[in-house]
Amino acid sequence: MPVASSAFRPLTVAPAELYTENLTAHTARERYYATRHRVVAWVRVAAFGASIAAVWWLFSQGQLRAAFAVVGLAYVVFLLLVRWHSTVGYQREHYRLLAQLNQDELARLEGKLTSFDPGTRYLDPAHPYTADLDVFGPHSLYQLLNRATSRLGHDWLAGWLLAGAAPAVVAQRQQAVAELAPDVAWQQEWQARARHYPKQDTDPRRFTEWLRQPDFFQGKAWLKVLLLILPPLATASVLLWLLGYSARPVLLAVLVLGGLNAVFGQARAEYFRHSSSMRDALRAYRDQLAWFEAQTWTSPRLRELHTTLHASTDQKPASQLIGQLTRIAGLFSLRESPLVAVVINNILLWDLGCMWLLERWKKRLGGQLDAMLEVGAELEALVSLAGFQAANPTYAVPALSTTPLEVTAQALGHPLIFTRQRISNDFSTKGAGQTGVITGSNMSGKSTFLRTVGLNMVLAQAGAVVCARAMRLAPAQVYTAMRTQDNLAESTSSFYAELKRLRLLLELTATGQPVLYLLDEILKGTNSLDRHRGAQALIRQLHQRPASGLVSTHDLELSAMAEELPGAVTNYSFNSTIEGDEIRFDYRLTPGPCREFNASKLMQLMGIDVQL
């Protein structure tokens, strides 16, 4: 049975201190239950030995009735000990998982993300922003956020990062996360319950789609009759044979039942494959949803999800209904032992009986399974955002603006920079047709700032907190052009790849939806004159569209566009200072164009004889 979580305790201490405290406490409990687990194991051994000795002595004394009574009693005691041992083993594993969850949270706080799923399967070079902003991949936002365990939960969270939600949906998620975030114990109990079942990679949508296929028993009423008649007859024939009667009925039963199993072997294998592939995911959702159902919720979205889980025609909560399906899927697992499978199928038609049970469940409740699983997946995504918010209590809940293309932030920082010296900057833009031209020297922070703005926009529109003291934004499609590369398979140069990327931006802005663009060193693959002309032309064109954004460049001449388009083009810069043989960066966003560049000094420091 799942272990009850500790009572709700609002987060009043630093997250690192809380996770360290939890890690110590859960590790101690794990050791306690590990000791109990060993003790119960020895009790089982002692009970087994004692029962064997007692039965042998009673048989030797000719006390057969007493011997059989001891056998029956020993069997009952053994079952109780096995259950006790299993319960203690679950508790030991549960506290180990809780300890690991806190270890994971400490790793995230330190920026150690390599052990977490990078979500590279969600990368798409043609996506408007994910590749440029490190949303997925090594050291990514997905690794920082993801606390889901199921394939469907991963997909839900990834979907929120791939596309911004409507303002009303964002507001609902913010309210739900605000209710979940303070109770770290509840979140971790939710996660630990699912981690007991590691095989959750199968896409449940394939399983539910398969359930919608025509029933195997449709038009086979005769087979249902045989399922009711043949197993009892076969069992009786075996018992009579054991009592000394003829073996012919047993042979006949094996031939008949074996023939049925052979005829329907393909269907039996198909049902086993689908059921066994989903068993762990079903068990995880059963335990997680029971934990969610037991609570009373106040935020609108959590209340809606809670209602959905109690909307079955059987008036049973979803966890119980999924539990029924889990037990049926578990019955198929006996097939995994070849010897057991041969005996139970050739005597009891076990697989066919399980198939009948599954189809009976499907007729009553199968149509509701999709909704139940989707609720579980959405809760996994919400718990991921709640865990991120709990780990970063200084982060701000962004306010939603009705001013088109507004992005106003105080102390905006990069969520994937974990040093204590993370530099934050204030920034603001409002309305369409606005372009911020950011000039600066090499390594001064231009590209990092573009990613800072983009990542926080992605977080905000997913419903998460942002790495800022305060932030206000209007919904917008984020679009980036930052890491264009050669594609030898398509004979595409990096310059042509960037042109294709910019063409997609123009096509996107032509649709009328608001776009926030982040362009890093645009047109860097051509000569300085063409680069300057092309960048100017692009900014003029974007100025006429429902779009605003930032353009970083080494081209200081581009800053002159602030005179051509006053009020629409704003200059910013990141600057450095040279002190002896050192170049110092402050990583501060400064109004106005860059004062000086450092490329010559960097080349000189690398040994190139540049006359400064």
Side-chain angles (χ1 to χ4, degrees), residues 128-129 132 401-409 412 425-441 444-447 449-454 457 472-482 484 498-499 501-575 588-597:
Y129 55 79
D132 289 333
S401 172
T402 56
T403 302
L405 285 164
E406 178 181 1
V407 180
T408 301
L412 188 68
N425 287 283
D426 296 344
F427 174 72
S428 181
T429 182
K430 295 180 182 180
Q434 300 293 311
T435 300
V437 175
I438 304 178
T439 52
S441 55
S444 61
K446 302 187 303 298
S447 301
F449 182 71
L450 264 59
R451 292 190 177 93
T452 297
V453 174
M457 285 287 292
R472 182 178 178 84
L473 74 155
Q477 171 66 61
V478 178
Y479 196 90
T480 63
M482 304 177 75
T484 51
E498 184 178 5
L499 289 179
R501 188 79 182 165
L502 295 176
R503 181 182 65 185
L504 290 175
L505 170 60
L506 293 173
E507 292 173 353
L508 189 62
T509 57
T511 64
Q513 70 177 116
V515 177
L516 179 79
Y517 54 84
L518 303 167
L519 313 179
D520 186 31
E521 300 292 348
I522 57 175
L523 305 175
K524 51 185 171 290
T526 187
N527 63 76
S528 58
L529 180 59
D530 283 340
R531 180 172 65 247
H532 181 64
R533 288 174 176 173
Q536 284 183 318
L538 178 64
I539 291 173
R540 293 188 189 106
Q541 196 166 353
L542 291 172
H543 177 62
Q544 306 299 322
R545 308 246 176 131
S548 290
L550 296 169
V551 176
S552 73
T553 181
H554 283 96
D555 185 2
L556 192 57
E557 290 79 7
L558 198 61
S559 61
M561 291 199 70
E563 300 176 5
E564 176 186 339
L565 298 171
V569 174
T570 305
N571 283 313
Y572 301 97
S573 61
F574 285 92
N575 296 279
R588 298 291 183 184
L589 184 69
T590 306
C594 182
R595 300 186 299 270
E596 60 177 294
F597 292 84

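Any value given below was found using the heavy atoms of this structure, including those in side chains, with hydrogens, waters and symmetry copies removed.
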inquiry  = Keeping Arg472 on the side-chain end and Glu406 on the backbone end, is there a donor-acceptor pair under 3.5 Å?
reply    = no

Heavy-atom donor-acceptor pair, Thr403 side chain to Ala474 backbone, under 3.5 Å = no

Between [atom1] on residue [X] and [atom2] on residue [Y], distance to nearest 0.5 Å:
X	Y	atom1	atom2	answer
Glu557	Thr439	CD	OG1	10.5 Å
Ile522	Tyr517	CD1	OH	9.0 Å
Thr480	Leu550	OG1	CG	12.5 Å
Gln434	Leu565	CD	CG	10.0 Å
Asn575	Arg588	CG	CZ	13.0 Å
Ile438	Thr570	CD1	OG1	10.5 Å

Please examine the side chains of [Y] and [X], heavy atoms only from C-beta on, and report whether any two atoms are closer than 4.5 Å.
X	Y	answer
Thr452	Asn425	no
Leu558	Ile539	yes
Glu564	Arg540	yes
Asp132	Arg501	yes
Tyr479	Leu504	yes
Asp426	Thr408	no

Contact summary for [X] and [Y], nearest pair of heavy atoms:
X	Y	result
His543	Ala568	CE1-CB, 3.2 Å
Pro475	Pro514	O-CG, 3.7 Å
Cys594	Ser573	N-CB, 3.4 Å
Leu450	Leu518	O-CD1, 3.4 Å
Lys430	Ser428	CE-OG, 4.4 Å
Met457	Ala476	CE-CB, 4.3 Å

message = Before we go on, tell me: are the rings of Tyr572 and Phe449 under 6.0 Å apart, centre to centre?
response =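 No, the ring of Tyr572 stays outside the 6.0 Å limit from the ring of Phe449, centre to centre.
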
query = Going through the checks in order, is the side-chain contact (heavy atoms from CB on, under 4.5 Å) test met by Leu538 and Leu506?
reply = CA-CA 9 Å; Leu538 178 64; Leu506 293 173; 3.9 Å; yes

Crowding at CD, Glu563 (>12 non-hydrogen neighbours, <6.0 Å) = no

CA sep, side-chain torsions, deciding dist, call: Leu519, Leu505, side-chain contact (heavy atoms from CB on, under 4.5 Å) = CA-CA 10 Å; Leu519 313 179; Leu505 170 60; 4.0 Å; yes

task = Let me see the working for Gln477 and Leu508 under side-chain contact (heavy atoms from CB on, under 4.5 Å), right down to the final yes or no.
result = CA-CA 9 Å; Gln477 171 66 61; Leu508 189 62; 3.6 Å; yes

request  = Name all residues meeting the side-chain contact (heavy atoms from CB on, under 4.5 Å) criterion together with Ser559; count only those two or more places apart in sequence or in a different chain, and write none if there are none.
outcome  = Leu556, Asn571, Pro593

